[in-house]
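Heads up, the thing below is written out as structure tokens.
The structure displayed is predicted, hence computed values, not measured ones. Lettering of chains follows the sequences in order, A, B, ..., and the numbering in each one begins at 1.
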There are 2 protein chains.
Amino acid sequence: MHQSATIKDVALKAGCGVATVSRVLNNTGSASPEMRIRVAAAVKELDFQFSEVGRSLQSSTTRTIGFVVPSIANPVYADALQGAQEILTCSGYQMLLICTNYSPESELSAIRTLISKQVAGIVLTVSDAERSEGLSIIRNRGLPHCLLYNNAPVSHESWSVDDKAAAARVAQAFSENLHNQTGFLALNFNKSDRARQRYEGYCVGCKARGMKKPQLLEISEDFEDLTMKLKLFLSENPSITGIFASNDFLALAIVRSARKLALNVPRDLSIIGFDGIDVGLMVEPTLATIVTEPKMLGAGAGRTVLSFINKTEVPKPPSADQTFNFRAGGSLAYLGAESSDDGKITPFPSSFDPTN
Amino acid sequence: MHQSATIKDVALKAGCGVATVSRVLNNTGSASPEMRIRVAAAVKELDFQFSEVGRSLQSSTTRTIGFVVPSIANPVYADALQGAQEILTCSGYQMLLICTNYSPESELSAIRTLISKQVAGIVLTVSDAERSEGLSIIRNRGLPHCLLYNNAPVSHESWSVDDKAAAARVAQAFSENLHNQTGFLALNFNKSDRARQRYEGYCVGCKARGMKKPQLLEISEDFEDLTMKLKLFLSENPSITGIFASNDFLALAIVRSARKLALNVPRDLSIIGFDGIDVGLMVEPTLATIVTEPKMLGAGAGRTVLSFINKTEVPKPPSADQTFNFRAGGSLAYLGAESSDDGKITPFPSSFDPTN
DNA sequence: AATAGAATTGGAAACGTTTCCAAACAAGTT
DNA sequence: AACTTGTTTGGAAACGTTTCCAATTCTATT
């Protein structure tokens with residue numbers, strides 16, 4: 001309704017200068033008890049609140065951290081943001097959030113926007129950390145920042161899963177269960193350095209264990225034709241016994257597609273996912289997957305940026321092998337002797353395998 | 001590294017006044033072609049970008065919309081935010097996000113924070129829309145706002161599921177499947193008017209169909225003791241055949257607990273959820289639930305606030321009965337003649353039942 | 001009673017914009 | 001040549017703060 005009251009209004013009502021009001025309200029400098037009372041009364045009467053805009057202009061810093069992520073609909077990022085939120089809130093910072101929908105162009109414009117809003121720092125997930133224009137702008141400006149879910153090029157802090165190591169761990173899991181030829185399923189392969197690094201690490205892992213080079217099954221934005229693609233893929237590569245999906249949603253989707261093709265998971269086709277979203281434990285069979293801790297990573301990235309801002313000690317990200325765990329699940333079959341059973345799986349084996 | 005360039009630096013480098021730079025860059029007022037070139041050159045050389053802080057102070061409006069939601073970890077809100085994001089981005093607005101973790105106190109402080117940051121509008125989900133202090137502050141200030149997932153008291157716009165009607169629809173579903181006595185499972189019952197309204201609507205619906213009054217099963221923050229609580233609940237209410245869970249996560253959790261008690265879902269206990277998250281289709285049996293459209297609601301709330309700001313026509317929220325659908329699923333058993341079968345369920349019946 | 005020192009107070013500048021206004025200048029009309 | 005008109009330009013005020021500094025008032029000491 002009415003325009004917000006400013007510090008001038010308060011000064012007028014309290015019968016003093018604006019400097020005094022500022023001093024009283026911020027508890028900086030001295031003020032007589034009587035004056036404090038008058039100011040407090042005026043504030044109450046006018047329901048006064050400082051304008052952060054005025055403050056920011058004066059102090060040339062906002063208590064706001066910018067976040068750039070591909071999507072909030074993906075629970076991995078949603079959880080990471082939740083973790084960061086809790087950290088920021090404790091320190092009195094707010095979160096300015098921009099989603100890029102996996103588009104590198106929006107990435108750059110998002111960063112420009114955040115810079116002109118003068119955020120105090122930025123946490124971001126980019127499409128390609130090695131050649132992100134936005135990222136170099138940030139560095140050039142010397143803006144406190146931290147990557148999230150991107151493995152960092154030199155001179156950038158980062159909280160991330162070690163994609164290559166985790167993917168190699170998947171190769172190990174397949175290998176231990178006597179799978180020799182597998183596929184790698186990716187979405188947006190060209191738009192995500194995560195997917196590429198997982199593939200790379202997976203190839204290395206497979207090679208190291210004497211497995212065949214994994215075939216790449218790449219799909220487009222919408223899953224619509226996944227079943228047909230899978231059918232084609234399997235007919236082109238008939239000896240494939242397992243598929244590593246670059247995230248759990250893809251893994252669940254490919255399980256469904258396999259079913260539609262009358263394939264039994266895991267007997268006919270084993271699946272391993274990536275991310276470790278909770279749902280993986282609720283489906284039948286349970287999803288074998290790499291478990292990550294998005295909340296921890298988000299919180300870490302948040303703490304890192306805050307530590308840059310406050311010039312306090314920068315928190316150490318977990319070492320590479322502590323950023324993930326392999327979780328066994330019913331979607332991964334052992335191809336040895338016992339594989340002749342009826343393919344039955346225990347309903348909810350929530351057994352963790354905390355490999356290093 | 002170096003301090004950001006200001007409009008003054010640009011003016012200096014271009015050899016003109018700041019007013020001219022402002023005019024050229026904003027394309028407001030006239031400027032000679034030669035001057036435009038000089039300014040453009042200076043901007044490029046300095047990598048100049050306007051400070052939104054300065055602009056906001058001058059225009060007394062930020063291109064920022066504040067969002068207050070209980071949690072981003074809950075996919076219902078995450079999806080709603082995603083929907084809103086897309087709308088905001090199109091209009092050049094940003095999202096300032098605060099999570100309250102279902103705490104009414106944080107709610108108020110979040111709103112105060114947003115007000116002092118001078119957001120142009122607010123989209124919010126409160127704990128209790130009827131008596132939210134924050135909400136009345138917003139109204140008193142005449143700040144453009146829209147409720148999300150709260151059924152609105154008079155004089156507030158709102159995009160929300162009609163909880164009462166949806167809950168009544170659940171009663172109908174139970175009734176049609178010949179269930180007579182059921183329970184209602186809620187978390188944070190006292191902190192969420194959604195849960196309360198669902199219970200209320202459910203009670204009304206049950207009564208209307210001649211069912212017994214549903215028993216309330218309330219659980220605390222963490223699900224830990226859910227199985228024991230369920231056991232106790234069922235022993236106290238032995239004739240209960242179905243449970244309406246106030247959200248899908250609870251529904252999935254209660255399915256698990258029922259299993260641990262060696263109960264067959266749905267033969268021994270039917271479950272109906274609320275929200276319609278995708279996971280419900282991936283579990284076995286599939287979850288019967290109320291399906292809602294979080295993205296649509298979030299986008300609608302965003303559009304509403306923008307329309308207030310731009311004084312354009314306010315979009316109409318969907319009518320009450322269009323805010324949800326009942327989705328049949330394997331977790332709901334028919335208690336009539338056929339109930340003597342072996343309890344087998346088809347794996348993925350994604351059959352929708354678009355009841356008005 | 002005079003003065004030193006401390007406590008309290010308010011004016012004004014600065015932060016980075018936009019916009020009003022008047023000044024300077026160009027070009028066309030008598 | 002003296003106007004009128006229109007375009008281009010820059011100075012200055014305003015937006016809401018904080019903070020420096022100088023001015024005023026108070027308290028205690030001589």
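At a threshold of 4.0 angstrom between heavy atoms, the contacts of Glu34(A) with the nucleic acid are absent. Within the nucleic acid shown, Ser22(B) comes within 4.0 Å of at least one base atom, counting heavy atoms only. Using a 4.0 Å heavy-atom distance criterion, Ser51(B) is classed as a sugar-phosphate-only contact. Within the 4.0 angstrom heavy-atom criterion, base atoms lie near Ala19(A). Counting non-hydrogen atoms under 4.0 angstrom, Gln49(A) reaches the backbone sugars and phosphates but no base. Nucleic acid contact class of Gly17(A) (heavy atoms, under 4.0 Å, all strands): sugar-phosphate only.
In this structure, the separation between NZ on Lys191(A) and OG on Ser103(A) is 7.0 Å, given to the nearest 0.5 Å. To the nearest 0.5 Å, the span separating CZ on Arg55(B) from CZ on Phe50(B) amounts to 5.0 Å. Atom CZ of Phe67(A) sits about 10.0 Å away from atom CG of Leu96(A), to the nearest 0.5 Å.
Distance Asn27(B) CG to dT19(C) P: 13 Å, rounded to the nearest Å. Spacing between atom CD1 of Ile7(A) and atom P of dG11(C) amounts to 13 Å, rounded to whole angstrom units. One atom, CD of Gln118(B), and another, P of dT17(D), lie 8 Å apart when rounded to the nearest Å. Atom P of nucleotide dC20(D) and atom CG of Asn26(A) are separated by 13 Å, given to the nearest angstrom. If you take CZ of Arg36(B) and C1' of dT8(D), they are 11 Å apart, rounded to a whole angstrom. Protein atom CG of Leu25(B) is 13 Å distant from nucleotide atom P of dT19(C), rounded to whole Å. dT9(D) atom P lies 17 Å from atom CG of Leu12(B), rounded to whole Å. In this structure, Lys117(B) atom NZ and dG16(D) atom P are separated by 18 Å, rounded to whole Å.
Comparing dG10(C), dT9(D), dG16(D) by their closest approach to the side chain of Ser30(B) singles out dT9(D). Side-chain proximity of Ala31(A) to the nucleotides dT17(D), dT9(D), dT9(C) is greatest for dT9(C). Out of dT17(C), dT19(D), dG10(C), the shortest distance to the side chain of Thr20(A) is found at dG10(C). Counting only heavy atoms from C-beta on, Arg55(A) has its side chain closest to dT17(D) among dT17(D), dT9(D), dT18(C). Here dT18(C) is the nucleotide among dT8(C), dT18(C), dT8(D) with the atom lying nearest to any side-chain atom of Phe50(B). When distances run from any side-chain atom of Arg23(B) to the nucleotides dT9(C), dG16(C), dG10(D), the shortest one goes to dG10(D).
Between Lys13(B) and Glu45(B) there is a salt bridge, with a side-chain nitrogen of the basic residue lying less than 4.0 Å from a carboxylate oxygen of the acidic one.
The residue among Pro33(B) and Leu57(B) whose nearest nucleotide of DNA chain D is located toward the 5' end is Pro33(B). Toward the 5′ end of DNA chain D lies the nearest nucleotide of Val18(B), the other residue of the pair Val18(B) and Ser60(B) mapping further downstream. Comparing Gly29(A) and Thr6(B) along DNA chain C, the residue whose closest nucleotide (by nearest heavy atom) sits nearer the 5' end is Gly29(A).
In terms of modelled atom types and a separation under 3.5 Å, the side chain of Lys295(A) and the main chain of Ala78(A) share no donor-acceptor contact.
The phosphate of dT9(C) has OP1 or OP2 within less than 4.0 Å of a side-chain N or O from Ser32(A).
Using modelled atom types and a 3.5 Å distance limit, the side chains of Ser155(B) and Arg139(B) yield a donor-acceptor pair.
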